[in-house]
2 protein chains.
Amino acid sequence: MSHQSLEEPSLEEAKAFIQEALSRRRMLLVVGNCMVDYEGRASSKLDWGERLLVVKSDGSVMVHRPTGYEPVNWQPPGSIFHVEFEDGKLKIRATRLQPKEVLNIFFDRVYHVFSAELRDEGEFSMYVTEMDMQKALLTMPELVEEGFQPLAAEKELGESGFLDILGQDSQGNLVVVEIKRNPAGREAVLQLERYVKTLREKTGKQVRGVIVAPEIRREAQGLLAALKLEFRQVSPRRCYEVLKAGKGRKLSEFI
Amino acid sequence: MSHQSLEEPSLEEAKAFIQEALSRRRMLLVVGNCMVDYEGRASSKLDWGERLLVVKSDGSVMVHRPTGYEPVNWQPPGSIFHVEFEDGKLKIRATRLQPKEVLNIFFDRVYHVFSAELRDEGEFSMYVTEMDMQKALLTMPELVEEGFQPLAAEKELGESGFLDILGQDSQGNLVVVEIKRNPAGREAVLQLERYVKTLREKTGKQVRGVIVAPEIRREAQGLLAALKLEFRQVSPRRCYEVLKAGKGRKLSEFI
DNA sequence: GCCTAGGTCCCGTAT
DNA sequence: ATACGGGGCCTAGGC
């Protein structure tokens with residue numbers, strides 16, 4: 001990995017360093033006193049203060065204040081850069097084309113600049129996502145309930161959107177399964193209710209609705225009961241284990 | 001502003017530097033080859049690669065890969081740190097207490113470390129928010145329509161939630177106003193419909209529903225028409241100007 | 001290209 | 001403390 005840095009560069013030195021880093025698409029860090037203007041979907045202005053600017057090789061931009069997880073100003077990947085002096089300040093402009101958004105960062109002092117060409121091929125694996133839970137339920141339908149048989153997944157229901165799993169229970173009743181990776185709230189219940197209602201109207205038959213989630217919030221339980229919907233607790237960990245065990249089998253076997 | 005950095009430190013030197021920075025609550029940057037484990041609401045593992053670690057004075061943590069706007073792993077403000085050697089690797093543990101989440105970062109090589117105590121009192125101002133739009137509509141009700149008179153704002157409607165503005169038109173009909181700063185979608189229409197329906201049931205009178213937003217999405221227009229609801233285009237910029245002009249006047253004059 | 005749904009969302013605000 | 005909605009959300013997947 002090649003990298004370089006400067007301590008307390010002049011604005012001219014910093015400008016040259018930054019232009020070099022941007023043109024070579026290296027990761028760039030700038031620490032200094034700056035002011036930031038943003039104009040695009042919304043507009044904002046950040047007065048002078050000491051911050052960290054991060055520019056990545058794909059054109060992502062973040063301006064970080066000393067505190068707070070989120071950048072105060074930013075630009076997503078694909079931004080285009082222009083560096084120049086304006087009123088004696090070092091100006092870095094990052095432009096996004098669609099939607100058209102412009103971020104202007106003005107430095108009147110730079111304490112530190114750093115650039116590097118990072119190599120990172122490391123695999124990132126998240127153990128359980130909502131889609132994983134769906135796969136797990138399709139792989140092992142009894143997680144929903146004994147005798148449950150999936151008929152379709154990600155089925156469109158017109159205005160209502162997409163339901164996660166449609167199946168039938170051991171009695172042959174239609175069952176709509178709504179999956180949540182996080183604790184299910186009122187919104188999930190209402191969403192399920194829309195699907196169930198739509199299906200009842202379409203088919204004219206009895207339709208059951210089941211929320212599958214790690215837990216259901218207390219405030220959603222009343223609504224669930226009032227709408228005669230059901231809840232089945234399934235932990236992400238269980239799904240992860242099912243997926244690990246079921247590797248190699250194809251989804252198409254089940255739907 | 002005081003700041004310091006090291007180039008190509010040994011792991012021992014890096015450990016001392018990092019511990020010093022964390023204990024003094026300085027902003028810390030580490031560039032090096034690392035591996036990351038996360039366990040909490042979900043779980044993840046990131047194999048070895050070259051990345052940027054940012055730790056802020058409030059305990060925010062971000063691990064950034066060479067590309068992508070978002071950090072691959074992170075911890076929100078308030079995290080607690082522990083630094084030690086494990087299997088010859090420099091291990092930085094960031095723990096969040098609620099919910100309990102642990103982020104472990106292992107470095108086998110450090111290219112660059114930097115720390116600084118940033119001072120930033122600069123004011124950040126966003127020109128228009130959804131609440132600003134509400135204030136603007138209360139300040140200048142004709143933005144909704146000629147003769148519109150606000151009666152209440154943020155009014156609770158039981159299970160339905162809070163409606164943005166309740167008012168009456170020049171004919172004395174009740175009007176529910178639903179404000180969106182962004183293009184209004186199907187969800188906004190359904191939300192408005194819930195409020196209108198609830199109010200109709202409560203009052204037994206005719207109730208109109210109006211969505212105020214910069215624009216309405218195409219796919220929501222059919223639903224809007226079918227439910228006999230209305231749309232009024234209002235730009236954030238217009239709201240911003242109304243607010244600027246209306247400064248000094250109090251909200252309580254209007255509601 | 002636009003749109004929809006999910007996120008370890010984060011974050012403010014109100015309860 | 002916890003629930004709820006918004007975000008310049010960002011990001012991935014469909015069409």
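Convention: sequence-line order gives letters A, B, ...; per-chain numbering from 1.
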Residue whose closest nucleotide on DNA chain C lies nearer the 5' end, E178(A) versus G68(A): E178(A)

5′-ward residue of the pair L103(A)/S60(A) relative to DNA chain D: L103(A)

Protein-nucleotide distance (L97(B), atom CG; dT2(D), atom C1'), rounded to Å: 17 Å

Member of K45(A), Q75(A), E101(A) meeting the side chain to side chain donor-acceptor pair (under 3.5 Å) criterion with Y38(A): E101(A)

Out of dT8(C), dG8(D), dG6(C), whichever nucleotide has its closest atom nearest the side chain of K180(A): dG6(C)

Rounded interatomic separation in angstrom, taking CD from E187(A) and P from dG6(C): 11 Å

M133(B) CE - dG6(D) P separation (whole Å): 12 Å

Partner set under side-chain contact (heavy atoms from CB on, under 4.5 Å) for W74(A), not counting sequence neighbours: P71(A), P76(A), Y69(B)

Residues within residues 69-79 of chain A bordering DNA chain C, heavy-atom distance below 4.0 Å: Y69(A), E70(A)

Check: H82(B) and K91(B) side chains under 4.5 Å, non-hydrogen atoms: no

Watson-Crick or G-U counterpart of dT13(C), or none if no pair lies under 3.5 Å: dA3(D)

Side-chain N or O of Q98(A) closer than 4.0 Å to phosphate OP1/OP2 of dC2(C): yes

R65(B) CZ to dT11(D) C1', straight-line distance once rounded to whole Å: 15 Å

Distance, rounded to the nearest Å, where L190(A) contributes CG and dG5(D) contributes C1': 14 Å

Between CE on residue M133(B) and CG on residue D164(B), distance to nearest 0.5 Å: 9.5 Å

For atom CD of Q134(A) and atom P of dG6(C), their distance in whole Å: 10 Å

K45(A) NZ - dG8(D) P separation (whole Å): 18 Å

Min side-chain heavy-atom separation M27(B)-L52(A) under 4.5 Å: yes

Result of checking V31(B), L29(B), N73(B), I92(B) against L53(B) for side chain to side chain contact (heavy atoms under 4.5 Å, CB included): I92(B)

Set of residues satisfying side-chain contact (heavy atoms from CB on, under 4.5 Å) with respect to A188(A), sequence neighbours excluded: K180(A), A184(A), I211(A)

Spacing of R41(B) atom CZ relative to dG6(C) atom P, expressed in whole Å: 17 Å

